[in-house]
Asker: 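The structure is given below, and queries will be raised subsequently.
Whatever order the structure lists them in is the order used to number ligands and atoms, beginning at 1. The basis for the numbers below is simple: all heavy atoms, side chains too, and nothing from hydrogens, waters or symmetry mates.
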Amino acid sequence: MKSSLVLMYGGTFDPVHHGHLRSALELTQVLPVSRVHLIACQLPPHRDQPGASGAQRLAMLQLATANEPLLIADDRELQREGPSWSADTLLSLREEYGSLQPLAMVLGWDAFLGLPQWSRRESLLELAHLIVVARPGQMHEASPELLQLLQQHELKPGEQLNATPAGRILRLSLPSAMQVSATYIRRLLGQQASARYLLPDTVIEFIRTNQLYQP
Ligand code: ATP
């Protein structure tokens with residue numbers, strides 16, 4: 001019997017927005033997914049733009065996912081000291097779910113293009129599948145190294161991601177691909193312009209109450 005997939009959806013979530021949330025939900029609609037862990041990463045202490053703290057980014061994730069039982073606001077990277085390596089996070093999910101659980105890391109195409117710079121990238125596909133989600137406005141070509149990785153690991157027609165625990169790459173265009181980014185939202189808020197309908201009202205209210213992303 002095939003099991004369902006557990007997904008790791010990591011990001012800065014500064015702040016979480018409908019691009020993240022709708023992608024996470026649609027993944028549960030197009031694939032046999034039992035849970036999506038939305039995992040906020042640690043950020044370096046000095047950033048070049050006003051950002052929210054780890055606790056605030058987690059609180060926004062909790063507000064955004066409150067009524068969606070398959071979406072989990074996960075604080076495991078914020079609980080750890082030091083930088084967040086995806087390989088460590090996948091290892092921690094592996095320990096939680098066991099070696100046979102089909103596990104996949106979700107990445108936008110832009111994040112996938114940065115993969116060659118990731119630490120311990122060879123171990124990622126040993127620990128999990130990769131699901132690479134198309135992101136409108138992010139059309140850069142993959143490097144020869146990534147094209148080779150795709151050639152080796154891309155899911156073939158007739159294969160299913162949930163048939164094995166790890167090692168495959170699936171490229172997907174989701175039905176409601178959205179161009180929204182956290183950078184754009186921070187820019188709007190920095191100009192005191194409305195960001196409404198790009199992210200949940202509860203998150204906008206949190207941003208207002210905590211005076212985040214102000215000029
Ligand atoms: P920033 O603008 O600050 O870089 P972001 O909007 O890209 O932030 P992140 O938290 O960095 O958001 O993204 C986390 C993950 O979600 C990444 O894999 C990213 O590619 C993906 N992602 C972000 N926005 C979208 C979107 N609109 N559609 C699909 N995937 C997205």
Asker: In terms of side-chain heavy atoms, does Arg80 have a donor or acceptor partner in Thr89 at a distance below 3.5 Å?
Answerer: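 The criterion, which ignores hydrogens and geometry beyond distance, is satisfied for Thr89 and Arg80.
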
Asker: Is a donor from one side chain sitting under 3.5 angstrom from an acceptor on the other, for Gln42 and Ser84?
Answerer: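 The criterion, which ignores hydrogens and geometry beyond distance, is not satisfied for Ser84 and Gln42.
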
Asker: Between Ala182 and ligand 1, does any nitrogen or oxygen pair lie at a separation below 3.5 Å?
Answerer: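 By distance alone, the answer is yes.
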
Asker: Check ligand 1 against Leu107 and write out every atom of the ligand that is under 4.0 Å from a heavy-atom position of the residue.
Answerer: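 What qualifies from ligand 1 is 18 (O).
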
Asker: Classify the contact between Ser181 and ligand 1 as side chain, backbone, both or neither, using a heavy-atom distance cut-off of under 4.0 Å.
Answerer: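 It is both parts that get close, each with some atom under 4.0 Å.
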
Asker: Hey, does Pro136 sit under 4.0 Å from ligand 1 if you only count heavy atoms?
Answerer: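 Flag not set, Pro136 not near ligand 1.
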
Asker: Under 3.5 Å, is there a donor on one side chain and an acceptor on the other for Arg208 and Tyr213?
Answerer: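 No, because no side-chain N or O of Arg208 sits under 3.5 Å from a partner of the opposite role on Tyr213.
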
Asker: Classify the side-chain pair Glu26/Ser176 by whether it contains a donor and acceptor separated by less than 3.5 Å.
Answerer: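 Note: Glu26 and Ser176 side chains meet the donor-acceptor criterion.
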
Asker: Below 4.0 Å from ligand 1: does a non-hydrogen atom of Arg186 turn up there or not?
Answerer: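 The answer is yes: ligand 1 sits under 4.0 Å from a heavy atom of Arg186.
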
Asker: Do any nitrogen or oxygen atoms of Val106 lie less than 3.5 angstrom from nitrogen or oxygen atoms of ligand 1?
Answerer: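 The answer is no, given that Val106 and ligand 1 share no N or O pair closer than 3.5 Å.
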
Asker: Enumerate the atoms of ligand 1 whose separation from the nearest heavy atom of Met178 is less than 4.0 angstrom.
Answerer: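 Going through ligand 1 atom by atom, the ones under 4.0 Å from Met178 are 26 (C), 27 (N), 28 (N).
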
Asker: Please state which part of Asp110 comes within less than 4.0 Å of ligand 1, counting heavy atoms only: side chain, backbone, both or neither.
Answerer: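 For Asp110, only side-chain atoms sit under 4.0 Å from ligand 1.
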
Asker: Is the closest basic N to carboxylate O distance between Lys156 and Glu159 below 4.0 Å?
Answerer: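 Here Lys156 does not pair with Glu159 in a salt bridge, since their nearest N and O are not under 4.0 Å apart.
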
Asker: I'd like to know whether ligand 1 has Arg22 as a neighbour, heavy-atom separation below 4.0 Å.
Answerer: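 No heavy atom of Arg22 comes that close to ligand 1.
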
Asker: Got an N/O contact under 3.5 Å between Phe13 and ligand 1?
Answerer: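 Yes; at least one N/O pair falls below 3.5 Å.
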
Asker: Considering non-hydrogen atoms only, spot the tightest contact between Leu78 and Gly54 and give its length.
Answerer: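 Closest approach of Leu78 to Gly54, heavy atoms only: CD1-O, 3.4 Å.
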
Asker: Pull out every atom of ligand 1 sitting under 4.0 Å from any heavy atom of Gly10, numbered as shown with elements.
Answerer: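 By the 4.0 Å cutoff, the relevant atoms are 14 (C), 15 (C).
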
Asker: Give yes if a backbone or side-chain nitrogen or oxygen of Val180 is under 3.5 Å from a nitrogen or oxygen of ligand 1, and no if not.
Answerer: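 Looking only at distances, the answer is yes, because the N/O contact criterion of under 3.5 Å is met.
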
Asker: Below 4.0 Å from ligand 1: does a non-hydrogen atom of Phe112 turn up there or not?
Answerer: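 No.
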
Asker: If you measure every N/O of Asp14 against every N/O of ligand 1, is any gap under 3.5 Å?
Answerer: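 The answer is no, given that Asp14 and ligand 1 share no N or O pair closer than 3.5 Å.
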
Asker: If you count the atoms of ligand 1 from 1 in the order shown, which ones are under 4.0 Å from a heavy atom of Gly11?
Answerer: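 Every atom of ligand 1 under 4.0 Å from some heavy atom of Gly11: 10 (O), 14 (C).
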
Asker: For Pro200, check side chain to side chain contact (heavy atoms under 4.5 Å, CB included) against everything at least two apart and list the hits.
Answerer: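 Once residues adjacent in sequence are excluded, the partners of Pro200 under the side chain to side chain contact (heavy atoms under 4.5 Å, CB included) criterion are His18, Leu21, Ala64, Thr202, Val203.
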
Asker: My understanding is that only residues two or more places apart in sequence, or in another chain, count here; which of them pass salt bridge (Lys or Arg N to Asp or Glu O under 4.0 Å) with Glu145?
Answerer: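 Partners of Glu145 by the salt bridge (Lys or Arg N to Asp or Glu O under 4.0 Å) criterion, ordered by chain and then number, come out as Arg121.
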
Asker: Check whether any side-chain N or O of Gln101 sits under 3.5 Å from a backbone N or O of Ser4 as a donor-acceptor pair, and report yes or no.
Answerer: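 Yes: the side chain of Gln101 pairs with the backbone of Ser4.
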
Asker: For atom 2 (O) of ligand 1, which candidate among Leu113, Thr183, Ile131, Thr12 holds the nearest heavy atom?
Answerer: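 Minimum heavy-atom distance to atom 2 (O) of ligand 1 goes to Thr183.
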
Asker: Take Arg168 and Glu154 through the salt bridge (charged side-chain N to carboxylate O under 4.0 Å, His left out) test and state the conclusion after the steps.
Answerer: CA-CA 6 Å; Arg168 291 296 198 202; Glu154 197 150 36; over 6 Å; no

Asker: Between Trp109 and ligand 1, which residue portion shows a heavy-atom distance shorter than 4.0 Å: side chain, backbone, both, or neither?
Answerer: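 It is neither part, as no heavy atom is under 4.0 Å.
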
Asker: Are the charged groups of Glu96 and Arg76 less than 4.0 angstrom apart, N to O?
Answerer: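 Salt bridge between Glu96 and Arg76, a charged N being under 4.0 Å from a carboxylate O: yes.
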
Asker: So, regarding Gly108 and ligand 1 (criterion: nitrogen or oxygen to nitrogen or oxygen, under 3.5 Å), is there a contact or not?
Answerer: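 Min N/O separation from ligand 1 is below 3.5 Å for Gly108.
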
Asker: According to the interplanar angle, ranging from 0 to 90°, do the rings of Tyr9 and Phe13 count as parallel (below 30°), tilted (30 to 60°) or perpendicular (above 60°)?
Answerer: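 Taking Phe13 first and then Tyr9, their aromatic rings sit tilted (interplane angle of 30° to 60°).
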
Asker: Would you mind running through ligand 1 and noting each atom that sits below 4.0 Å from a heavy atom of Ser23?
Answerer: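 What qualifies from ligand 1 is 28 (N), 29 (C).
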
